[in-house]
Amino acid sequence: MQTFTAPISGNYKLEVWGAQGAEHYRAIPGLGGYAQGIAYILGNTTISVCIGGRGSYNVKNGNAFSIGTGGYNGGGDGQFGGGGATHIAKNNRGILQNYINNKDEIYIVAGGGGGGDAGGRGALEEV
């Protein structure tokens, strides 16, 4: 978690990028989302920035694969984990899920991208 204290009252441009998902060597992961906006922030107010983490890929352990874990701040678990969200909020409550009852404290959010996987061909194929 990082913080920023507004030196003066005014409109501030906020930009956030979510983290990308984990990648497979034959597949491209989803890139994180992007959001921007303007927020009026009073001088001497401290805001919190929580940066999402990249998802991890699965690891072969003997004959079994582990589950790829989602990135920090809400990335989903799966064969190749999804990226975490990035958000800016009025108060430092940590990860995004901790704001479930305080959604009004969130200024802006960008979601993380999905994990990439090497899928096979579909059932229909041109000949």
Side-chain angles (χ1 to χ4, degrees):
M1 186 70 64
Q2 298 179 6
T3 60
F4 168 77
T5 301
I8 59 171
S9 296
N11 289 317
Y12 287 82
K13 181 178 181 180
L14 306 178
E15 291 183 282
V16 288
W17 290 262
Q20 80 173 38
E23 63 185 270
H24 183 278
Y25 72 97
R26 292 183 349 201
I28 298 171
L31 300 177
Y34 169 77
Q36 70 171 349
I38 303 292
Y40 185 83
I41 301 173
L42 295 173
N44 225 19
T45 299
T46 299
I47 61 174
S48 299
V49 181
C50 184
I51 300 170
R54 183 177 180 178
S56 70
Y57 56 88
N58 61 10
V59 177
K60 188 170 184 179
N61 185 5
N63 290 329
F65 284 94
S66 65
I67 297 291
T69 55
Y72 182 73
N73 203 19
D77 296 342
Q79 186 170 357
F80 295 87
T86 296
H87 70 272
I88 299 176
K90 294 178 186 177
N91 295 311
N92 182 356
R93 296 186 185 278
I95 61 175
L96 199 53
Q97 73 180 25
N98 296 340
Y99 289 87
I100 192 73
N101 294 318
N102 302 93
K103 294 175 186 170
D104 59 322
E105 295 179 4
I106 300 169
Y107 285 113
I108 194 166
V109 176
D117 193 3
R121 294 182 177 177
L124 298 176
E125 185 176 324
E126 277 190 43
V127 185

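For the numbers below, each heavy atom of this structure counts, side chains included, while hydrogens, waters and symmetry mates do not.
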Show the nearest heavy-atom pair for residues Asp104 and Lys90, with the distance to one decimal. O-NZ, 3.8 Å
Atom CD1 of Ile108 and atom CD1 of Ile106: how far apart are they, to the nearest 0.5 Å? 11.5 Å
Looking at every non-hydrogen atom in both residues, tell me the closest pair between Gln20 and Leu31 and how far apart they are. OE1-CD2, 3.5 Å
What is the ring orientation for Trp17 with Tyr34, classed by angle as parallel under 30°, tilted 30 to 60°, or perpendicular over 60°? tilted
Okay, side chain of Asp77, backbone of Gly70: is any donor-acceptor separation there less than 3.5 Å? yes
Can you see which heavy atom on Pro29 is nearest to which on Gly21, and at what distance? CB-O, 3.2 Å
Please report the closest heavy-atom contact between Tyr72 and Ile51, naming both atoms and the distance. CD2-O, 3.6 Å
Same hydrophobic cluster for Val16 and Val109, using side-chain heavy-atom links shorter than 4.5 Å among ILVMFWY? no
Identify the heavy atoms of Cys50 and Asn73 that sit nearest to each other, and give their distance. SG-ND2, 3.5 Å
Is Met1 reachable from Ile100 through a run of hydrophobic residues whose side-chain heavy atoms are each under 4.5 Å from the next? no
Correct closest heavy-atom pair for Ala19 and Arg54 would be CB-N, 3.8 Å
One should read off an interatomic distance between Gln36 CD and Ile38 CD1, to the nearest 0.5 angstrom, of 7.5 Å
Check: residues 39-49 side-chain donor-acceptor pairs under 3.5 Å, at least two apart:
{"unit_1": "Thr45", "atom_1": "OG1", "unit_2": "Leu42", "atom_2": "O", "d": "2.9"}
{"unit_1": "Thr46", "atom_1": "OG1", "unit_2": "Thr5", "atom_2": "OG1", "d": "2.8"}

Closer than 3.5 angstrom, by distance alone: can the side chain of Tyr99 be matched with the main-chain N or O of Glu105 as a donor-acceptor pair? no
